Structures are given as C-alpha cells and as structure tokens.
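Structure first, commentary second.
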There are 2 protein chains.
Amino acid sequence: MAERHSTLRARRRAQTQRTIQAHAIRLFSERGYDATTMNDVAEAAGVSPMTVYRHFPTKEDLVLVDQHGELIAERIAASPAGQPLVRRIGGALVDAAAALTGDDVAADRRFLLVRLQLMISTPALRARHLDNQYALQQAIIGALEGDAADPDAAFQAQAAASACLAALHTAMVHWAEDDGRADLPRLIGKALAAVFGDDVLGPAR
Amino acid sequence: MAERHSTLRARRRAQTQRTIQAHAIRLFSERGYDATTMNDVAEAAGVSPMTVYRHFPTKEDLVLVDQHGELIAERIAASPAGQPLVRRIGGALVDAAAALTGDDVAADRRFLLVRLQLMISTPALRARHLDNQYALQQAIIGALEGDAADPDAAFQAQAAASACLAALHTAMVHWAEDDGRADLPRLIGKALAAVFGDDVLGPAR
DNA sequence: ACCTACTTGGTAGTCTCTATCACGGTGGTA
DNA sequence: TACCACCGTGATAGAGACTACCAAGTAGGT
C-alpha cells in the first residue's frame with residue numbers, strides 16, 4: 001500500500017497550501033486583487049511561483065474555494081421527493097450555511113467573510129463565483145433525478161434551482177455588507193420568503 | 001462643433017467593428033474560443049492586433065455585447081409604481097426579449113443565438129455574462145428608486161430582481177438549446193410563472 | 001491650403017499560466 | 001542499514017492576453 005503515507009507528507013502539503021492562501025488573501029485585501037501579482041504571493045509565502053501554481057491552478061482559486069457543493073447536492077437527493085422543490089433546495093442551502101457559519105467555526109467564518117467581500121468587490125472573482133454558483137445549480141438539478149422524463153418538470157426544476165440560488169446570492173451579499181453580524185441561515189430564509197412567500201421552508205421552522 | 005463629423009468616419013469605424021466581430025464569432029464557433037488567439041482574429045479581419053484591442057478592450061467583449069441594459073432599467077423606472085415588483089421587472093424583460101427576437105431582425109436573431117450558444121458553452125464567457133447580468137440587476141434595483149429609505153423594501157427589491165434575472169437566464173438557456181425555435185418572450189413568461197405563479201404578468205397578457 | 005483630431009500600426013513590456021527537466025527529501029523494502 | 005520509487009519543489013523557456021508609448025496617415029472644418 002504505497003498510499004498509506006498520508007501522515008507527514010500530506011500534512012506538510014496542507015500546511016503550505018494554507019500558508020500560501022493566507023498570505024494571498026492578506027495581500028489581496030491590503031493592496032487589491034489586481035495590484036497583487038502571483039510573484040508577490042509566492043514571495044510573501046516564502047515559496048517559488050511554481051509552487052503557488054501547483055496548489056492553486058489559477059489566481060482566482062486562491063480566493064474561491066468550492067465549499068460544500070456536492071454535500072448540498074447529496075442532501076437534496078436524500079430529501080423526500082414529496083416535498084415541494086423549493087423547500088428541498090432551500091432547506092439544503094440553509095443547512096449548508098449553518099454548517100459554514102456555526103459558532104464552532106468562528107475563525108473559518110471570519111476567513112469566509114473576508115473572501116466573500118473580496119469576491120463581491122472584484123469583477124474577475126465575482127464572475128468566477130457566479131459561474132461556480134451556476135455549476136452548483138446544474139449539480140442540484142442533477143440531484144433531482146426523478147424528472148428527467150418530463151421536459152416540463154425539468155424546466156420547473158431549473159427555474160426553482162436558479163431562483164433559490166439567486167436568493168442565496170442575495171443573502172450572501174447582504175451578509176457580507178453587514179460584515180457578518182447577521183445570521184446567514186436566517187438571511188437565506190428571509191430571501192427565499194421574499195420570493196416564494198413566508199411558508200416556503202415549512203411551518204416546522 | 002467638432003462633434004458633427006458623424007457621417008463617414010463613424011460609419012467606417014462601425015464597419016470595421018462589425019467586420020472584426022463577425023470574423024471573431026466565426027473563428028470561435030469553428031475552432032473554439034480558447035483555441036483562437038487575438039492575432040488570429042486580427043489576421044482574419046485584415047487589421048492589426050492593436051485595432052482589435054482598440055474596438056474590443058477584452059477578448060470576451062468580442063462575444064458579449066451589453067444589449068438593452070439601460071433600456072430595461074428606463075422602462076422599469078417608467079412603469080407604474082403601484083404594480084408588484086415582479087410584474088414591473090418581468091414585463092420589461094419580456095418586452096426587451098421581444099425587441100431582440102422580433103421578425104424584423106431575423107439576421108440579428110441568428111447572430112444573437114450563435115453568441116448565446118458560445119457564451120453558455122465557454123466557461124470564461126459564461127462567467128463574464130453572469131457578471132453582466134449581475135450588473136443589470138444592480139441597474140434594475142437602482143431604477144426602483146422610491147424604496148431607498150426602507151431597508152426592508154430594498155431587500156425585497158433585490159430578491160425580486162435577482163429571481164427575475166434567474167428566470168431570464170433559465171429561459172435564455174432553453175432558447176439556445178432549442179436552437180432558437182421557441183419564442184423567447186413566451187419562454188421568459190413561462191420561467192417567471194414557474195417561480196412566481198401563473199398570474200405574475202397580469203391577466204392582461 | 002492648413003490645422004486639428006481621429007484612426008491605425010509598431011514596439012516593448014507586464015502578467016497569467018503551461019510544459020519540461022532536474023534536484024532533494026520521504027516512505028517503504030531487502 | 002542501504003537501496004529505490006515517489007512526491008513535492010524549483011528553474012527555465014515559452015505562449016497568449018493585455019497595456020503603455022510613440023509614429024504615420026487621413027477625414028473634418030476653417
């Protein structure tokens with residue numbers, strides 16, 4: 001088993017990865033994203049530019065981390081098919097947000113907030129982020145498999161998913177502008193209610 | 001009046017601009033967006049690379065043209081404030097789509113369709129396009145000025161606008177996948193109805 | 001005919017990202 | 001302990017998207 005070396009080597013790898021990203025986010029926040037070159041990041045992290053590219057294929061990947069995408073899709077696939085689409089999708093989004101901003105991950109929450117503010121204010125990052133959300137939308141539609149036969153149901157699923165993700169985006173922007181003081185899951189619920197009505201997530205909440 | 005020269009010079013400028021863009025779209029469709037360089041476009045159009053950059057600041061601008069953005073915003077600002085938000089926004093989107101795909105602009109419609117298919121299938125273009133839609137969303141929110149005082153109304157406006165644009169995107173993707181055979185304004189109405197209910201655009205339609 | 005302003009072309013450079021090769025330390029094995 | 005395969009890192013060269021900066025030609029109005 002040559003794959004059982006995951007103790008020291010993998011830990012060092014994860015460590016340098018965190019170091020590089022931390023320095024990158026700091027520099028981006030201080031000088032701005034466009035005014036910071038990959039060489040600057042490498043120099044600040046104490047590694048060669050090659051190493052930066054090895055861990056983060058593109059400059060945007062230093063800020064944008066696909067977080068919990070497939071977890072959301074799995075949760076939607078596991079939700080009861082009898083419920084309305086919006087409730088299945090919205091519930092998963094609220095739960096994922098709760099996992100990302102819970103009190104047990106306060107440090108990660110600050111980091112997430114800074115990256116989110118960078119994403120919103122930098123055109124290149126914002127564009128990539130929106131495309132990632134589009135990919136998440138495709139994954140969500142794929143998770144609602146049962147309706148591939150009916151083209152009309154597929155249209156419904158696509159409309160519901162894209163509207164839910166639009167609500168998610170609205171909530172995230174407000175959360176970032178509020179500097180993370182508000183409760184993100186609650187904001188998402190509010191945005192969903194603003195579009196679909198107050199009873200979207202069910203009376204149980 | 002040094003600005004009254006808009007006869008020959010402006011026409012030549014518009015002509016080269018159209019030539020460059022036409023060759024670019026053709027090459028992108030034939031070889032793929034990433035496999036086509038700006039030098040290829042310049043050579044095909046018979047101009048220098050400098051001239052291409054002069055007319056289209058970025059490679060993405062060769063495909064993405066901000067069409068009718070401010071027109072939509074103006075129409076929303078002029079719509080009666082008493083109507084529900086979704087109806088004001090959705091109505092403007094349907095009308096803009098009708099203007100873009102009407103029978104009197106069949107050639108433009110083919111061109112729009114090709115560019116849309118390129119946008120959807122190319123990650124870089126898709127990302128930029130989604131960011132342009134985000135900018136349009138901001139413009140729409142700005143057009144609904146009356147509610148800047150109430151933060152809750154602002155939240156409502158943002159949620160409504162982003163959901164409407166999500167529906168627009170859903171409709172555009174379906175239209176492109178259908179190769180433009182369907183009626184785009186009708187598709188937008190269908191997507192809006194899928195999210196908000198059948199009576200979104202009012203009984204008058 | 002003259003002068004201004006707009007359009008175009010050329011050169012050199014920066015920055016992101018890729019391909020290829022070489023070096024050194026890790027982890028397992030004889 | 002000595003050997004070897006492998007992984008992480010580094011240096012170099014290069015393509016491609018852009019951005020100054022400067023030179024030349026041509027349309028506009030006086």
Side-chain angles (χ1 to χ4, degrees), chain A residues 1-21 23-25 27-28 31-64 118 122-129 131, chain B residues 1-21 23-25 27-28 31-64 118 122-129 131:
Chain A
M1 289 295 171
E3 281 74 11
R4 247 356 321 108
H5 50 58
S6 43
T7 29
L8 201 149
R9 210 121 78 169
R11 200 151 11 166
R12 284 176 87 93
R13 183 176 170 77
Q15 180 54 40
T16 58
Q17 196 156 334
R18 268 193 300 269
T19 303
I20 291 171
Q21 194 183 32
H23 281 280
I25 299 295
L27 290 178
F28 291 162
R31 317 180 191 171
Y33 178 80
D34 293 320
T36 307
T37 72
M38 292 295 262
N39 281 341
D40 294 339
V41 173
E43 198 174 347
V47 296
S48 92
M50 284 299 313
T51 303
V52 179
Y53 281 111
R54 197 121 12 202
H55 288 273
F56 301 91
T58 75
K59 192 181 179 183
E60 292 144 1
D61 289 328
L62 283 164
V63 182
L64 305 175
L118 264 177
T122 308
L125 291 175
R126 192 176 52 222
R128 244 348 137 175
H129 167 68
D131 196 47
Chain B
M1 288 293 173
E3 280 74 12
R4 241 12 302 115
H5 49 58
S6 42
T7 29
L8 201 149
R9 205 121 81 169
R11 199 153 9 167
R12 284 177 90 92
R13 182 175 172 79
Q15 180 55 40
T16 58
Q17 197 156 334
R18 269 193 300 269
T19 303
I20 292 172
Q21 194 183 32
H23 282 278
I25 300 295
L27 290 178
F28 292 162
R31 315 180 192 171
Y33 179 79
D34 293 320
T36 307
T37 73
M38 291 296 263
N39 282 343
D40 294 339
V41 173
E43 197 174 348
V47 295
S48 92
M50 284 300 313
T51 303
V52 179
Y53 282 111
R54 196 113 24 190
H55 288 272
F56 301 91
T58 74
K59 192 181 180 183
E60 291 143 0
D61 289 328
L62 283 163
V63 182
L64 306 173
L118 264 176
T122 308
L125 291 174
R126 192 177 52 221
R128 246 344 139 174
H129 167 68
D131 196 46

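Below, chains carry the letters A, B, ... as their sequence lines are ordered, and counting in each starts from 1. Computed from heavy atoms alone, side chains included, the values below leave out hydrogens, waters and symmetry copies. What you see is a predicted model; the values in this text were computed from it and never measured.
Two residues, A:Y33 and B:V52, neighbour DNA chain C, and the one matched to the more 5' nucleotide by heavy-atom proximity is B:V52. Taking for each of B:D34 and A:V47 the nucleotide of DNA chain D with the nearest heavy atom, the 5'-most of the two is the partner of A:V47.
Residues passing the side chain to side chain contact (heavy atoms under 4.5 Å, CB included) test with A:R18 are A:A14, A:Q15, sequence neighbours excluded. With sequence neighbours left out, the side chain to side chain contact (heavy atoms under 4.5 Å, CB included) criterion links A:D34 to no other residue. Looking at residues two or more places apart in sequence or on another chain, you find a side chain to side chain donor-acceptor pair (under 3.5 Å) between B:E60 and B:R128.
For the pair B:T16 and C:dT7, the criterion of a side-chain N or O lying under 4.0 Å from OP1 or OP2 is not met. The side chain of B:H55 places an N or O atom within less than 4.0 Å of a non-bridging phosphate oxygen (OP1 or OP2) of C:dT8.
For residues 33-59 of chain B, the set of pairs meeting the ring pair (Phe, Tyr, Trp, His ring centres under 6.0 Å) definition, not counting sequence neighbours, comprises B:F28-B:Y33.
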Open item on the list: How would you summarise protein contacts on nucleotides 19-26 of chain C per nucleotide, using B for base, S for sugar-phosphate only and - for none, with heavy-atom distances below 4.0 Å?
Closed with: B-----BB
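Contact annotation for B:P57: backbone-only contact, meaning every heavy-atom pair under 4.0 Å involves sugar-phosphate atoms and none involves a base.
Residue B:Q17 qualifies as enclosed at atom CD: its count of foreign heavy atoms under 6.0 Å is above 12.
Proximity of residues 35-44 of chain B to DNA chain D (heavy atom under 4.0 angstrom from any strand atom) is restricted to B:T36, B:T37, B:M38.
Taking OG1 of B:T19 as the start and CZ of B:R12 as the end, the distance is 11.0 Å to the nearest 0.5 Å.
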